[in-house]
K.L.:
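This is the structure, below, for whatever I ask next.
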Amino acid sequence: MKKTIHKSVSGLLALGFIGSIMPTAIAAESDSPLDTVYVIASKNSNNEDALPGGLVNENAKLGILGKQSLMDIPYSEMSMTEKMLKKFDDPTQPLANVLLNNPSIRTSTTSPMYTDFSMRGINMNGNHMMLNGVPSLFYQFNGPITHYIDRIDITSGPNAAVNGVSMSNNGTNSGATPAPGTINIVTKRATDKPKVSYTQTFSGRSNLGEFIDIGRRFGNNNEWGVRVMGEYMTGELSLKGAEKNEKNIFLNLDRHGKTSFTNLFIGHFDLRVNEGQRWFTYGGNGTELPSAPDSNIPYDYKGTTKWMHGWMYTFNHEKQINKDVSWFTNIGHSLRSGNKYNSSSALSFDEKGNFLSSNVANAQNESGLNTYFQTGIRGNFETGAVKHQASIAIDRSWAKYWNDSNNGTRGTIGGNIYTGTIYSPNFAIPALRYAKLSWNEINTGVTIADSLSYGKWDVLLAASHKHENFQNKLRTGQDIKNDDWLPTFGVTYKPNNDIAIYASQTESLSRGAVVVNGSRIYDNAGDTLAPSTSKQREIGIKYNFENIFTTLAYFDIDTESLIDKELDNGLYHRVADGRDNYKGWEWTVNGQPADKWTVTGGLLYMNGKREKTNGGTADGKFINGAAKWSGVIGATYAPNEQWNIISRLNWVGEAFIDNSKSPTGATRIPSYAVLDLGVDYSTVISDVPVTFKAMVYNVTNRDYWIGRGSSTTFGLSMPRTFMLSATVEI
C-alpha cells in the first residue's frame with residue numbers, strides 16, 4: 001500500500017486523561033520561506049488515494065479522528081470511489097445496487113420506492129447514512145443520489161462511539177435497533193482541472209435521464225472551488241407501469257486557505273415514483289414460498305405513487321490552530337415533505353398466491369426536519385514513547401416527524417401474484433389526511449477518542465456520553481430520557497507494513513421506535529418501545545498483497561429482538577422478546593489480480609439466531625430474512641485504454657421467515673443469483689472526450705424473492721433492465 005501523505009490532525013484528551021494538548025509535528029508545506037501552509041485536506045477528488053484498480057480508496061474517515069489508513073482502522077472498512085459508482089450504478093435503482101459490492105451488504109428490495117438493504121443481517125435504509133459526516137439527512141424513500149457522490153465510506157464493524165451521539169441513536173426499525181455499521185457519503189468537490197460534463201441515460205422502457213456536472217477552481221492558488229451537479233429524469237422503468245421522475249440541483253462550494261478548509265454542500269430534491277410496489281408478506285400454510293411470479297407483473301392501482309421533495313445542506317469547516325492542533329465543525333439540515341398512495345406497505349398472499357382480504361389501500365402524508373451541529377478539536381501529542389492522535393467533540397441534534405395514514409376498506413384488493421391485482425367495484429383510494437406531529441427528539445452529547453501508537457501496536461479508545469430527550473406526541477407518558485456512556489475499544493498489531501491484525505468492540509443504544517401501522521395493523525400502534533442496546537465484537541486480519549487488499553473478519557453482534565405477535569382479531573402486537581445474535585465471517589477483496597483485471601467483492605457467512613426469549617420458547621431459532629451465505633464478485637477487464645468490460649455476480653443463499661401457519665413454523669425463501677454485464681468505451685469525437693456505456697442488469701431475467709434482514713417482509717425482483725448512457729466532457 002502506498003504511503004499515506006498525512007493523517008488528519010487530531011486533538012484532545014485520551015480516555016481517562018484530561019489535560020493540555022501537547023503538540024507534535026505533522027506534515028506541512030511552504031509556499032514560500034515565510035508562509036507555512038498546513039496540509040489538512042486535498043483540493044482534489046479522493047480518487048488520488050485509490051488502491052490499484054481505482055474502485056476503492058486506501059483511506060477512510062474514522063469518525064471524529066478524521067482520515068485514517070485502512071490498515072489503522074480496527075474493523076472492516078471499504079471506501080468506494082466514484083469509479084466504482086460509474087461502473088456498477090443503475091440510476092433508476094436505489095443506491096443499494098452499488099452498496100451490495102460490499103459483501104456485508106445485501107439488498108432488501110429492488111423497488112425504486114425504497115432504499116432498504118441489510119448489513120450483516122440487520123435491515124437499514126437511507127435514514128442510517130451520513131452526508132459529509134452529518135447524520136440523519138436521508139430517509140427510507142429518498143437516499144443519496146449517485147451523481148454528486150465522490151466516495152462512500154462503508155464501516156461494517158464496531159465503530160458506534162467515534163461518530164458522535166446522534167449516529168449511535170440512528171437505529172434501524174424506525175430507531176428501535178442500533179445500526180450494525182455506518183455509511184458516510186462524501187460529495188464531489190471541484191478539482192484543479194476545470195470540468196464540464198453532460199450525461200444522458202436511457203433505461204427500462206422509456207426512462208430518460210440528463211445529468212450536468214460543472215466544476216471550476218479560482219482565486220489565489222485555486223483556493224476556491226465550485227461544483228454544480230443537476231439531474232432531470234422521467235419515464236417508465238423496465239417494470240410495466242412503474243415510472244421514476246426525479247429532478248434536483250446541488251452545489252458544492254469549498255475553500256482551501258493556508259490554515260483552513262471549508263466546504264458547503266446545498267441542494268434541492270424532488271422525487272416521485274409512480275407504481276413499483278415490490279414488498280410482500282406471506283399468510284399461507286406452506287413451508288416454502290410459492291415460486292416467484294413473472295417480475296414484469298405490476299401490483300398497483302392507477303394512482304399508486306410516492307412523492308418527496310425538500311432541501312438539505314451540510315457545512316464542514318476545519319481550522320489549523322497550529323501545526324499540531326485543529327478545530328472542526330460539522331453542521332447539517334434537511335427538510336422534506338411528501339405523500340404516498342399504495343396497496344399496503346406489503347401485500348399478503350397465501351400458498352396458492354392469492355392475495356388475502358387483509359390487504360388495504362393506504363394514503364400517507366408525512367414531513368420531517370433534521371438539524372445537526374458538531375464541533376471539536378483534534379491534535380497530536382506524546383506521552384513518553386506513545387504517540388496520540390486524539391479528539392474531543394460535542395454535538396447536538398434536533399428532529400421532528402409529522403405523519404398521518406389513512407387505510408381503505410379491507411377485502412377490496414384481490415387477485416393473484418401470477419396474474420396481478422384485482423380491485424372490487426367498491427375499491428376507493430383513501431383520502432389524504434393532514435400530517436400531525438408524531439414525535440420530536442433532541443440529543444446532546446460529548447465524544448472523546450484517542451488513537452495511540454507504540455511501535456507495531458495501535459490502540460483505539462473512544463466513548464460517547466449521550467443525553468436523549470424523546471417525546472412521543474401520539475401517547476402521553478411515553479417520553480424517553482436517557483443518559484448513557486457508549487464505549488468503543490480497538491487494538492491493531494502490524495508485524496509489517498502489509499499485515500494488520502485487529503480486534504474491536506463497541507456498545508450502542510438506540511431509542512425505541514414508535515409503533516406505526518403499515519403492512520400489519522397493531523393494537524399498540526402509537527406506543528413507544530423501550531430503548532435498545534447493542535454490542536458488537538470483531539477480530540480480523542488485513543493483508544495487502546502487491547495489488548490486492550483483502551480483509552478476513554469474524555464478527556459477533558448482539559441486539560434486541562422485536563417480534564410481531566398475531567392476535568385473534570387479525571391485529572398484531574409489536575413487542576421486544578429476547579436477543580438477536582449474529583455470528584459470522586466476512587471476507588472482502590479488492591484490487592488488480594492481473595494486468596487489465598480489477599476485482600471487488602467477497603463472501604459473507606452469518607449464523608443468526610434468537611436468544612433469551614420469553615420462556616426460552618424461541619431460543620436457537622433463525623432470525624427472519626437473514627440468509628447464512630451470500631457473496632458478490634464484480635470484475636472489470638480493460639483490453640486497452642478505451643474499452644472496459646464489466647461483470648458482476650451476486651448470490652444470496654436461502655433464508656427463513658416466521659409463519660405460525662406452516663407445519664414447521666417457518667417458511668423458506670429460496671436462494672438466488674443475479675448476473676449483470678456491461679461495457680464502456682471512451683473515445684474522442686471532434687476533440688471532445690466521449691464515453692459510451694451499455695449495461696444489462698439481471699441478464700438472465702431471473703424472477704426471485706428477496707429476503708429482508710430481521711423482517712418477515714420480503715421483496716420481488718425487477719425484470720431485466722437495459723441501460724445506455726453517453727457522457728460528453730466539454
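Predicted, not measured: the structure shown is a model, and the values here were computed from it.
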K.L.:
Could you state the interatomic distance from OG1 (T636) to NZ (K596), rounded to the nearest 0.5 Å?
P.N.:
12.5 Å
K.L.:
ring-ring contact (aromatic ring centres under 6.0 Å, His included), that's the test. Do Y502 and Y75 meet it? Break it down for me.
P.N.:
CA-CA 7 Å; Y502 68 90; Y75 30 76; 7.7 Å; no
K.L.:
If we count only N and O atoms by modelled type, under 3.5 Å, do the side chains of N496 and D498 hold a donor and an acceptor together?
P.N.:
no
K.L.:
How many angstroms lie between atom OG of S104 and atom CD1 of I154, to the nearest 0.5 angstrom?
P.N.:
7.0 Å
K.L.:
Taking N97 for its side chain and F88 for its backbone only, find out whether a donor-acceptor pair lies under 3.5 Å.
P.N.:
yes
K.L.:
Relative to each other, are the rings of Y605 and W629 parallel, tilted or perpendicular (30° and 60° limits)?
P.N.:
tilted
K.L.:
May I ask you to decide if G678's main-chain N or O and K693's side chain share a donor-acceptor pair within less than 3.5 Å?
P.N.:
no
K.L.:
Should we say atom OH of Y232 is surrounded by more than 12 heavy atoms from elsewhere, each under 6.0 Å from it?
P.N.:
no
K.L.:
Applying side chain to side chain donor-acceptor pair (under 3.5 Å), name anything that partners S118, two or more places apart in sequence or on another chain.
P.N.:
none
K.L.:
Is the shortest side-chain N to carboxylate O distance from D213 to K188 below 4.0 Å?
P.N.:
yes
K.L.:
Applying salt bridge (Lys or Arg N to Asp or Glu O under 4.0 Å), name anything that partners E538, two or more places apart in sequence or on another chain.
P.N.:
R120
K.L.:
Whether the side chain of T81 engages the backbone of G54 through a donor-acceptor N/O pair (distance < 3.5 Å, no angle test) should be reported.
P.N.:
yes
K.L.:
Measure the CD-CZ distance between E223 and R217 for me, rounded to the nearest 0.5 Å.
P.N.:
9.0 Å
K.L.:
Run the salt-bridge test on D49 and R151 with the 4.0 Å N-O cut-off and return the result as yes or no.
P.N.:
no
K.L.:
Going by salt bridge (Lys or Arg N to Asp or Glu O under 4.0 Å), name the residues that satisfy it together with E729, two or more places apart in sequence or in a different chain.
P.N.:
K195
K.L.:
Please determine, by modelled atom types, if T721 and D90 share a side-chain donor-acceptor pair under 3.5 angstrom.
P.N.:
no
K.L.:
With sequence neighbours left out, write down each residue that passes side chain to side chain donor-acceptor pair (under 3.5 Å) with T588, or none if nothing qualifies.
P.N.:
none
K.L.:
Show me, pair by pair, the donor-acceptor contacts under 3.5 angstrom made by side chains of residues 137-144, not counting sequence neighbours?
P.N.:
from	atom 1	to	atom 2	distance (Å)
Y139	OH	S334	OG	2.4
Q140	NE2	D116	OD1	3.1
Q140	NE2	D116	OD2	3.4

K.L.:
Is a donor from one side chain sitting under 3.5 angstrom from an acceptor on the other, for S725 and T201?
P.N.:
no
K.L.:
Check whether the side chains of S671 and E654 place a donor and an acceptor atom closer than 3.5 Å, and report yes or no.
P.N.:
no
K.L.:
Using only atom types and a distance under 3.5 Å, with no angle test, would you say the side chain of D676 pairs donor to acceptor with the backbone of N698?
P.N.:
yes
K.L.:
Would you confirm whether Y554, through its side chain, and K583, through its main-chain N or O, come within 3.5 Å as a donor-acceptor pair?
P.N.:
no
K.L.:
Do the ring planes of F265 and F250 sit parallel (below 30°), tilted (30 to 60°) or perpendicular (above 60°)?
P.N.:
parallel
K.L.:
What's the spacing between T187 OG1 and L131 CG if we round to 0.5 Å?
P.N.:
6.0 Å
K.L.:
Once side chain to side chain contact (heavy atoms under 4.5 Å, CB included) is applied, do any residues pair with A627, and if so which ones, sequence neighbours excluded?
P.N.:
R106, V652, A655
K.L.:
Parallel under 30°, tilted from 30 to 60°, perpendicular over 60°: which one fits the rings of H256 and F261?
P.N.:
tilted
K.L.:
Quick check: does any side chain N or O of N184 sit under 3.5 Å from a backbone N or O of G133, one acting as donor and the other as acceptor?
P.N.:
yes
K.L.:
Salt bridge or not for K494 and D458, using N-O below 4.0 Å?
P.N.:
yes
K.L.:
Have N132 and N330 got a donor and an acceptor in their side chains that come within less than 3.5 Å?
P.N.:
no
K.L.:
Can you tell me how the ring of W457 sits relative to the ring of Y493, calling it parallel under 30°, perpendicular over 60° and tilted otherwise?
P.N.:
tilted
K.L.:
Other residues, nucleotides and ligands only: do more than 12 of their heavy atoms fall within 6.0 Å of OH on Y198?
P.N.:
yes
